[in-house]
Amino acid sequence: MMINFGYACLAPGVAGTQMRSCTMRTATAERLRDVIAHNLQALMRLVQYNKGNNIHLFRISSDLIPFGSSPINTLQWQEEFADTFEKIGNAIADAALRVSMHPGQYTVLNSPDADVVNRAIADLEYHEQVLHLLKTDSTSKIILHVGGAYGDKAAASERFCRNWGRLSDRVRSRIVLENDERFYSIAEVLNIAQRLGIPAVFDSLHHSINPPEENCSPADWIWQCAKTWNQSDGRQKIHYSQQSADRKPGAHSKTIYAEEFLQFYETVRDMDLDIMLEVKDKNLSAIKCGLIVSDSSCISRLEGEWAKYKYSVLERSPKAYQRIRELLKDKNEFPARQFYSILEQAIDEPIEKNNAVNALLHVWGYFKEVAQPDEKKRFFSALDRYKSGTAKVDSVKNQLLKLAQKYNERYILQSYYFL
DNA sequence: TGACGTCAAGATCCG
DNA sequence: CGGATCTTGACGTCA
């Protein structure tokens, strides 16, 4: 039995992995060509990053090809970039990475509006083309919601099943259905999924907001969903996320909080699962979850994470900074849960000026020998403006980021301090 | 007609 | 002019 963790689309803090886009107004063939080439390169770097960080589950952004299913995009991008796709596909296979895609809430297959349905079909075909060009098999899924209710959910579900017949075999072999937070509960999704003979994806946060009448535990529903996954679908997938404490219901938390997560994990740990985390800090939480459920990893993995977090901790809580340093001293231990517990508390604290200045000066330490006189002058004048309240801490940080880029300070560049 | 969610582009403002 | 901050875009449904 085994559980993998993955994240969606973006890896904040990882150089060269940002997606670009364009608006309809600026979507010339040339511009689109540029953006697609850039995004494919970013995807390649994401794949390599995942491989290097032992992450085996990843959602590819629907924005990979801007207007990928729109007549606005007149490029033959499938042919033009076929070789690039193939190279990335090889890297995906080499990394043993399972990729998926997830069209958003605006792809609605069960709409009563024929145009909306036609666009939804085109959009699903676009997602399939990407996965196909990457040479992935049918275990690379397209996650879809049922759609709207239109005041008559039974009729809307019927329409979904009818329009299902209009999709190509290739698309149908990839689609999996997910419960949403407003209309279709996991029970209703299971119903439709069973009828069409396709897998169901349990989403924990959607479920807590929109539970079915049947009173089963999340683990029971996950077990129900397990029966809809067969050999050609690959390992069962679920979505896990936590409610943001300070935002509206359904909003994802900024990180996966370890304690709450472990309570859930205990209920599914004996299953074979791929768990897609939906969370603001993306790859950071995927690494976190992998580490806190592992009881036999090397402390150097924690030290590597600490290197990236340390200045974000220092600018909030020098006390937590010291505690973690103490915690990581014993090289024979692997105190992942304690490490993340202290970290989470620190990251949720507000930034106070004295602590922030302390952290800024720590980072400045990397440049004080190499910086030019004018760079030094600029940094300290920005620091003074921050101290006196006429500038924000981010403007001082940006100066440090610029210096890190100019002098290629890798230790600083990889830090989450600048996010 | 605005809110919803997402994240980068685009626009504007400031020194 | 560069950097910081605000608004817009693109999608469909529902109140």
Side-chain angles (χ1 to χ4, degrees), chain A residues 7-13 16-28 31-32 34-36 38-39 42 59-73 101-124 126-127 144-153 155-156 159-160 163 178 180-184 203 205-206 209-210 239 241 243-244 247-254 278-282 374-375 378-379 381-382 384-386 388 390-403 405-406 418-419:
Chain A
Y7 66 98
C9 305
L10 310 168
T17 61
Q18 276 204 289
M19 289 287 146
R20 282 180 50 201
S21 60
C22 63
T23 57
M24 279 184 168
R25 194 170 62 82
T26 60
T28 60
R31 178 79 180 263
L32 286 166
D34 266 9
V35 174
I36 292 168
H38 176 275
N39 288 354
R59 180 189 301 162
I60 296 172
S61 170
S62 295
D63 296 333
L64 186 71
I65 309 295
F67 305 102
S69 64
S70 162
I72 290 211
N73 186 337
M101 297 187 82
H102 185 13
Q105 56 182 305
Y106 300 110
T107 301
V108 187
L109 189 61
N110 77 339
S111 174
D113 183 326
D115 289 338
V116 171
V117 176
N118 288 337
R119 281 193 289 270
I121 292 169
D123 198 41
L124 292 168
Y126 150 67
H127 284 85
L144 183 66
H145 292 292
V146 179
Y150 312 97
D152 184 349
K153 233 193 264 186
R159 212 161 38 238
F160 185 92
N163 291 339
E178 181 196 348
D180 65 76
E181 62 188 40
R182 298 181 72 190
F183 307 117
Y184 294 89
D203 182 295
L205 185 57
H206 293 163
I209 294 167
N210 179 25
H239 289 175
S241 52
Q243 173 63 48
S244 165
R247 294 159 66 229
K248 49 194 60 174
H252 295 147
S253 59
K254 61 179 172 187
E278 296 183 314
V279 58
K280 292 270 171 231
D281 71 1
K282 307 278 184 185
D374 64 312
E375 289 167 341
R378 276 229 311 228
F379 170 74
S381 110
D384 284 341
R385 282 199 301 274
Y386 172 57
S388 68
T390 54
K392 298 200 170 177
V393 67
D394 283 1
S395 66
V396 196
K397 277 192 194 182
N398 274 339
Q399 304 231 358
L400 291 171
L401 178 58
K402 289 277 151 58
L403 290 170
Q405 285 160 345
K406 176 175 172 187
F418 300 107
L419 298 183

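Proteins come first, then strands; the chains are lettered A, B, ... in the order of their sequence lines, and each starts at number 1. Side chains are part of it too, since the values below use all heavy atoms of this structure and drop only hydrogens, waters and symmetry mates.
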task: Would you classify A/Ser70 as touching base, sugar-phosphate or nothing, given that sugar-phosphate means primed atoms plus P, OP1 and OP2, and contacts are heavy atoms under 4.0 Å?
output: nothing
statement: Hits for ring pair (Phe, Tyr, Trp, His ring centres under 6.0 Å) against A/His127, two or more places apart or cross-chain, chain-then-number order -> none
message: The criterion is side chain to side chain donor-acceptor pair (under 3.5 Å); which residues satisfy it with A/Thr23, sequence neighbours excluded?
response: A/Thr26
field: A/Asp63 side chain to A/Arg20 backbone, donor-acceptor under 3.5 Å
entry: no
Extract from the structure each pairing of a protein N or O with an N or O of nucleotides 5-10 of chain C at less than 3.5 Å, listing the distance.
unit_1 : atom_1 : unit_2  : atom_2 : d
C/dA10 : OP1    : A/Met24 : N      : 2.5

field: For A/Lys402, salt bridge (Lys or Arg N to Asp or Glu O under 4.0 Å) partners two or more places apart
entry: none
task: Taking the side chain as every heavy atom from C-beta outward, state whether A/Pro66 and A/Leu32 have any pair of such atoms under 4.5 Å apart.
output: yes
message: Tell me every residue that passes salt bridge (Lys or Arg N to Asp or Glu O under 4.0 Å) with A/Glu375, counting only those two or more places apart in sequence or in another chain.
response: A/Lys406
query: To the nearest Å, how far apart are A/Asp152 CG and C/dT13 C1'?
result: 16 Å
task: Output all residues satisfying side chain to side chain donor-acceptor pair (under 3.5 Å) with A/Tyr126, sequence neighbours left out; order by chain, then residue number.
output: none
task: Measure from CZ on A/Arg378 to C1' on C/dG2 and round the result to the nearest Å.
output: 9 Å
- prompt: How many Å lie between CZ on A/Phe418 and P on C/dG3, as a whole number?
  reply: 15 Å
- request: Output all residues satisfying salt bridge (Lys or Arg N to Asp or Glu O under 4.0 Å) with A/Lys392, sequence neighbours left out; order by chain, then residue number.
  value: none
message: So, OP1 or OP2 of C/dG3: does either fall under 4.0 Å of a side-chain N or O from A/Asn398?
response: no
message: The criterion is side chain to side chain donor-acceptor pair (under 3.5 Å); which residues satisfy it with A/Arg385, sequence neighbours excluded?
response: A/Ser381
message: Can you give me the first and the last nucleotide of DNA chain B (5' to 3') that has an atom within less than 4.0 angstrom of a non-hydrogen atom in chain A?
response: B/dC4 to B/dA11
task: May I have the distance from A/Asp115 (atom CG) to C/dT13 (atom P), rounded to whole angstrom?
output: 11 Å
message: By the 4.0 Å heavy-atom rule, please label A/Lys282 as base, sugar-phosphate, or nothing.
response: sugar-phosphate
- line: Those residues at least two apart in sequence (or on a different chain) that pass ring pair (Phe, Tyr, Trp, His ring centres under 6.0 Å) with A/Phe379 are A/Trp364
message: For a quick check of understanding: with a heavy-atom distance under 4.0 Å over all strands, which category does A/Gly104 fall into, base, sugar-phosphate or nothing?
response: nothing
message: Does A/Arg31 reach a base, just sugar-phosphate, or nothing at all? Heavy atoms under 4.0 Å.
response: sugar-phosphate
- prompt: In chain order, what residues pass the side chain to side chain donor-acceptor pair (under 3.5 Å) check against A/Lys254, with sequence neighbours excluded?
  reply: A/Asp348
- prompt: Once you build an axis from the first five pairs and another from the last five of the helix from B/dT1-C/dA15 to B/dG15-C/dC1, how far apart in angle are they, to 10 degrees?
  reply: 70°
message: Please classify the nucleic acid contact of A/Ala149 as base, sugar-phosphate, or nothing, using heavy-atom distances under 4.0 Å.
response: sugar-phosphate
- request: Tell me what A/Thr107 touches on the nucleic acid: a base, only sugar-phosphate, or nothing, going by heavy atoms under 4.0 Å.
  value: nothing
